[in-house]
Every structure is written in C-alpha cells, then in structure tokens.
Amino acid sequence: MDEDFKKQVYEVARLIPKGRVSTYGAIAKALGYPNHSRHVGKAMGGCPKDVPAHRVVSSGGLLSVPEFQSKLEAEGITVKGSRIKDFKRIFWNPMEELIDE
DNA sequence: TCTATGACTGGAA
DNA sequence: ATTCCAGCCATAG
C-alpha cells in the first residue's frame, strides 16, 4: 500500500460528516481500488487521531470494531449489536465528494 | 432473517 | 513463495 493510498483514505475519512458513516468498500472504490476494502481497514488501523475511524464500518452498516459503538451513539447514530440502525439513511457516499472524471 | 462457505483482491510481514 | 488481514460479494442451507 502506497503512502498516497493511506493519505487518501485519511483524507476521505476526515470528510465524513458527524452523524454519518461510510464503508471500507465505498472508500476503496472512491479511491479507485474497488476491491481493496481491506487496505482501507489496514490503513485505518494506523490512522492519526484526527481521522474518525469509528465512522468507517464494514458493508451493510456492520461495525468491524464493536468498541466504536459508543462513539457512534455519541454522534447520534443508533447501533444495535454491531449493526447500525437506519444505516441506509445515514450512509455517506464518498463518491459525492470525490467526483472524478 | 441468519450462518456458513468460497472466490476475489493486493500490500505487508 | 506463503500467510495474514478492522472487507466484499454471491451462493447455499
């Protein structure tokens, strides 16, 4: 994984609005690596503190790190057993911010 | 609705 | 070369 890739992951993650969430797959796809969702997670593992890793979950609103549940709830997101309630409504699509041509 | 299972991906160790 | 990984999807039961 290139440093640029990580950097871009952090950049996108920081863009996630409070009270919204995104997914590893969506971010990976937005960066041009549709199948590198794992690398996003890997990058998040060593992300700086200013990156809200808790707003990045696995597909379908599943928390990869259950510890983040409390953080999400603190932002107004309802979580039921590692599952985000109304995930489809609060899902934030990074493609909307990274409109590439 | 849920849990397996398998194929896929590409970088790091 | 092999294994591991904070994933994703399709399919089967």
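Residue numbering restarts at 1 for every chain, and letters A, B, ... go by the order of the sequence lines.
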Participant: Grab the two heavy atoms, one from Phe91(A) and one from Ala26(A), that are nearest each other, plus how far apart they are.
Facilitator: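 So the minimum-distance heavy-atom pair works out to CZ-CB, 3.9 Å.
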Participant: Would you name the heavy atoms of Cys47(A) and Tyr10(A) that are closest together and state the gap between them?
Facilitator: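 In this case the closest contact between Cys47(A) and Tyr10(A) is CB-CE2, 3.3 Å.
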Participant: Take Thr78(A) and Asp86(A), measure what side chain to side chain contact (heavy atoms under 4.5 Å, CB included) needs, and give me the verdict at the end.
Facilitator: CA-CA 8 Å; Thr78(A) 305; Asp86(A) 296 320; over 6 Å; no
Participant: Hey, is the side chain of His36(A) pairing donor to acceptor with the base of dG10(B) inside 3.5 Å?
Facilitator: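 Per atom types, no contact qualifies.
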Participant: For Ser58(A) and Thr23(A), work out which heavy atoms get closest and say how close.
Facilitator: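 Looks like O-CG2, 3.8 Å.
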Participant: Taking DNA chain C as the partner, which of residues 49-61 of chain A come within under 4.0 angstrom of it by heavy atom?
Facilitator: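 Nucleic-acid contacts, sorted: Ala53(A), Ser58(A), Ser59(A).
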Participant: Please report the interatomic distance OG(Ser82(A)) to CD(Glu67(A)), rounded to the nearest 0.5 Å.
Facilitator: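 If I round to the nearest 0.5 Å, the distance is 9.5 Å.
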Participant: Paired stems touching DNA chain B, three or more consecutive Watson-Crick or G-U pairs with both distances under 3.5 Å?
Facilitator: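 If one scans DNA chain B for consecutive Watson-Crick or G-U pairs, the stems found are B:2-6 with C:9-13, B:10-13 with C:2-5.
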Participant: What's the shortest heavy-atom distance between Val57(A) and Leu62(A), and which atoms?
Facilitator: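 Taking every non-hydrogen atom into account, CB-O, 3.3 Å.
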Participant: Name the residue from Lys18(A), Arg55(A), Arg20(A) that meets the salt bridge (Lys or Arg N to Asp or Glu O under 4.0 Å) definition with Glu75(A).
Facilitator: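 The passing option is Arg55(A).
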Participant: What pair of heavy atoms forms the shortest contact from Gly19(A) to Ile90(A), and how long is it?
Facilitator: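 Distance-wise, the nearest heavy atoms are O-CB, 3.8 Å.
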Participant: Mind listing the residues from residues 65-87 of chain A sitting with a heavy atom below 4.0 Å of DNA chain C? Number order is fine.
Facilitator: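 The stretch gives Val65(A), Phe68(A) as the residues lying under 4.0 Å from the strand, ordered by number.
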Participant: Can Val65(A) be reached from Met44(A) by stepping across I, L, V, M, F, W or Y side chains whose heavy atoms are under 4.5 Å apart?
Facilitator: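 No: no chain of side-chain contacts under 4.5 Å links Met44(A) to Val65(A).
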Participant: Could you check whether Gly45(A) gets within reach of a base, just the sugar-phosphate, or nothing at all, counting any heavy atom under 4.0 Å?
Facilitator: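 Base contact.
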Participant: Just jot down the side-chain contact (heavy atoms from CB on, under 4.5 Å) partners of Glu73(A), sequence neighbours excluded, or say none.
Facilitator: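 Glu73(A) satisfies side-chain contact (heavy atoms from CB on, under 4.5 Å) with Gln69(A), Val79(A) only.
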Participant: For Ser59(A), what residues pass the side-chain contact (heavy atoms from CB on, under 4.5 Å) criterion, not counting sequence neighbours?
Facilitator: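 Ser59(A): no side-chain contact (heavy atoms from CB on, under 4.5 Å) contacts found.
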Participant: Please find the pair of heavy atoms, one from His54(A) and one from Leu72(A), that lie closest to each other, and give the distance.
Facilitator: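 That would be O-CD2, 3.0 Å.
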Participant: Please verify the inter-ring angle class for His36(A) with Tyr33(A); under 30° counts as parallel, over 60° as perpendicular, anything in between as tilted.
Facilitator: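 Correct class here is tilted.
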Participant: For chain A and DNA chain C, what are the first and last nucleotides along the strand, 5' to 3', with at least one atom under 4.0 angstrom from a heavy atom of the protein chain?
Facilitator: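 Contacts span dC5(C) to dC9(C), reading 5' to 3'.
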Participant: Rounded to whole Å, please give me the gap between NZ in Lys6(A) and C1' in dA12(B).
Facilitator: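 Those two atoms, NZ and C1', are 10 Å apart.
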